[in-house]
Asks: 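Structure below; questions to follow.
Computed from heavy atoms alone, side chains included, the values below leave out hydrogens, waters and symmetry copies. This is a predicted model, so every value here is computed, not measured.
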There are 2 protein chains.
Amino acid sequence: MADINVQRPAAQPDSRGAEATPGAARAGELRWDIIELLFFAYRDFVGDADHELEAFGFGRAHHRVLHFVHRYPGLKVADLLDVLRITKQSLGRVLKQLLDEGYIIQKTGNNDRRQRLLYATPKGEALVAKLAGLQTDRINRAIASIDPAGTETVRQFLRAMIDRDDPDKVLEAIFGGGKPGK
Amino acid sequence: MADINVQRPAAQPDSRGAEATPGAARAGELRWDIIELLFFAYRDFVGDADHELEAFGFGRAHHRVLHFVHRYPGLKVADLLDVLRITKQSLGRVLKQLLDEGYIIQKTGNNDRRQRLLYATPKGEALVAKLAGLQTDRINRAIASIDPAGTETVRQFLRAMIDRDDPDKVLEAIFGGGKPGK
DNA sequence: CAAGATATGTCAATATGGCTGACATAAATG
DNA sequence: CATTTATGTCAGCCATATTGACATATCTTG
């Protein structure tokens, strides 16, 4: 059984090469540990849903669409493009599948009949809730391991990790607290 | 300027369809907000690096390889496959580029000469540190927004989000505290 | 009303980064 | 020597993303 060549994370001399990276933390202050934890935490977090989605012939892209349509009923296609930051061609494919298979329905906008307002069907609600259940279980386990007051700390940390310049409508709803329009 | 159709996240009736999702939280307890925050936080977090990587003709896959080789010098190819959970064919492509372009070097194992131990070159160190600098800036900004003691809470939360069954060598190093071998 | 802008949809081609299966080589192991 | 292990590679497939071009319906404006 081959011996182990892996050393613990070496306290690197931190050879930040090139001309002092713009706006970067000084040497020795890099958050290697948190960078790494975010990688693993997110990998396992989305892994929960990925596994379940396979049984439906769906991928992560479908989950993201279904999630936001569920959360923000009446979302327009253009809003979804903003939020997901993908092109309409990419969205088109997964959205068509979700529509064809009855997970989402479109309704023509009342004021602007060009718009297609998106809503999750009961079938769609069921799937997205199932996926959220798996992820919630993981989150609850993690929250149980920290100080009760820590939940708000984690929430605040995550919020502060998000770019707030040029927010889309969903981010406005999350942050704005009260500027959901304009 | 078309009116806004997006409502704030509706307190959904939470139609967990189908037979009570196995092991899932009960209705009304789903962590929709944290699920969503994780999506946005991770998107922007990796976005920092993604943008920079473009200039080098690299993608996320290259970053991940470079990161772990940097952090765990002497990592074997097989270890990297475990950590990244991809196939050797997939790894082969990006690893070959990183080797060809001088970001990583291989050294034949001392005990087992079949092994190729991986090390980041100064060029590789410079790139990975530059990327980590960008991400560290974001993390520092987020940490600055929470209680000083909150950093450890966040770290603990992230650690608890990670699967610990069948850990690879990197996770053993992160968690094991002292069982880096076997 | 006619002209232009907007919201959506679709066709075609391409890139990235995963995957499987098959096979080859070198070196360790029994 | 036979087998297993560590690595590499060829060939093809799939999902998801991209760009550019174009079509249609509808709203807005001069």
Asks: Can you sort out the partners of B:Asp163 under side-chain hydrogen bond (donor to acceptor under 3.5 Å, both in side chains), two or more places apart, ordered by chain and number?
Replies: A:Arg138
Asks: Rounded to the nearest angstrom, tell me the gap between atom CZ in B:Arg85 and atom C1' in C:dC19.
Replies: 16 Å
Asks: According to ring-ring contact (aromatic ring centres under 6.0 Å, His included), does anything in residues 90-114 of chain A pair up with another residue at least two apart or in another chain? List the pairs.
Replies: A:Phe58-A:Tyr103
Asks: Could you walk me through whether A:Phe40 and B:Phe68 satisfy the ring pair (Phe, Tyr, Trp, His ring centres under 6.0 Å) test, starting with their C-alpha distance in whole Å, then the side-chain angles of each, then the deciding distance to 0.1 Å, before giving a yes or no?
Replies: CA-CA 12 Å; A:Phe40 288 116; B:Phe68 286 110; 5.6 Å; yes
Asks: I'd like a table of atom pairs between the protein and nucleotides 7-9 of chain D - only N or O on both sides, under 3.5 Å - with the distance next to each one.
Replies:
from	atom 1	to	atom 2	distance (Å)
D:dT7	OP1	B:Arg116	N	3.4
D:dT7	OP2	B:Ala78	N	2.9
D:dT7	O4	B:Lys88	NZ	3.0
D:dG8	OP1	B:Gln106	NE2	2.8
D:dG8	N7	B:Lys88	NZ	3.2
D:dG8	O6	B:Lys88	NZ	2.2

Asks: Rounded to whole angstrom units, what separation is found between the CG atom of A:Leu81 and the P atom of D:dT19?
Replies: 12 Å
Asks: Tell me whether the side-chain N/O atoms of B:Ser90 come closer than 4.0 Å to OP1 or OP2 in C:dC19.
Replies: yes
Asks: Tell me every residue that passes side-chain hydrogen bond (donor to acceptor under 3.5 Å, both in side chains) with B:Thr121, counting only those two or more places apart in sequence or in another chain.
Replies: none
Asks: Rounding to a whole Å, what distance do you find between A:Asp50:CG and C:dC19:P?
Replies: 12 Å
Asks: Rounded off to whole Å, could you give me the CG-to-P distance for the A:Leu91 and C:dA7 pair?
Replies: 15 Å
Asks: Check salt bridge (Lys or Arg N to Asp or Glu O under 4.0 Å) between A:Glu101 and all other residues, then give those that pass, not counting sequence neighbours.
Replies: none
Asks: Report the end-to-end axis angle of the helix from C:dC1-D:dG30 to C:dG30-D:dC1; each axis comes from five terminal pairs, and the value is rounded to 10°.
Replies: 20°
Asks: For DNA chain C, what residues of residues 51-66 of chain B have any heavy atom nearer than 4.0 Å?
Replies: B:Gly59, B:Arg60, B:Ala61, B:His62, B:Arg64
Asks: Under the side-chain hydrogen bond (donor to acceptor under 3.5 Å, both in side chains) rule, collect the residues that match up with A:His63, sequence neighbours excluded.
Replies: none
Asks: When you measure from the side chain of A:Asn140 to the backbone N and O of A:Asp137, does any donor-acceptor pair fall under 3.5 Å?
Replies: no
Asks: Toward the 5' end of DNA chain D, which comes first, A:Gln97 or A:Arg113, by nearest nucleotide?
Replies: A:Gln97
Asks: Applying salt bridge (Lys or Arg N to Asp or Glu O under 4.0 Å), can you list everything that pairs with B:Lys107, at least two apart in sequence or on another chain?
Replies: none
Asks: If the condition is salt bridge (Lys or Arg N to Asp or Glu O under 4.0 Å), which residues does B:Lys96 pass it with, not counting sequence neighbours?
Replies: B:Asp100
Asks: CG of B:Asp112 versus P of C:dG30: gap in Å, rounded?
Replies: 12 Å
Asks: Partners of B:Asp147 by salt bridge (Lys or Arg N to Asp or Glu O under 4.0 Å), sequence neighbours excluded?
Replies: none
Asks: Classify the side chain of B:Arg93 and the base of C:dG18 as holding, or not holding, a donor-acceptor pair under 3.5 Å.
Replies: yes
Asks: With sequence neighbours excluded, give me every ring-ring contact (aromatic ring centres under 6.0 Å, His included) pair touching residues 132-173 of chain B.
Replies: none
Asks: To the nearest angstrom, how far is A:Leu84 atom CG from C:dT8 atom C1'?
Replies: 16 Å
Asks: Any side-chain N or O of B:Thr87 under 4.0 Å from OP1/OP2 of C:dG18?
Replies: no
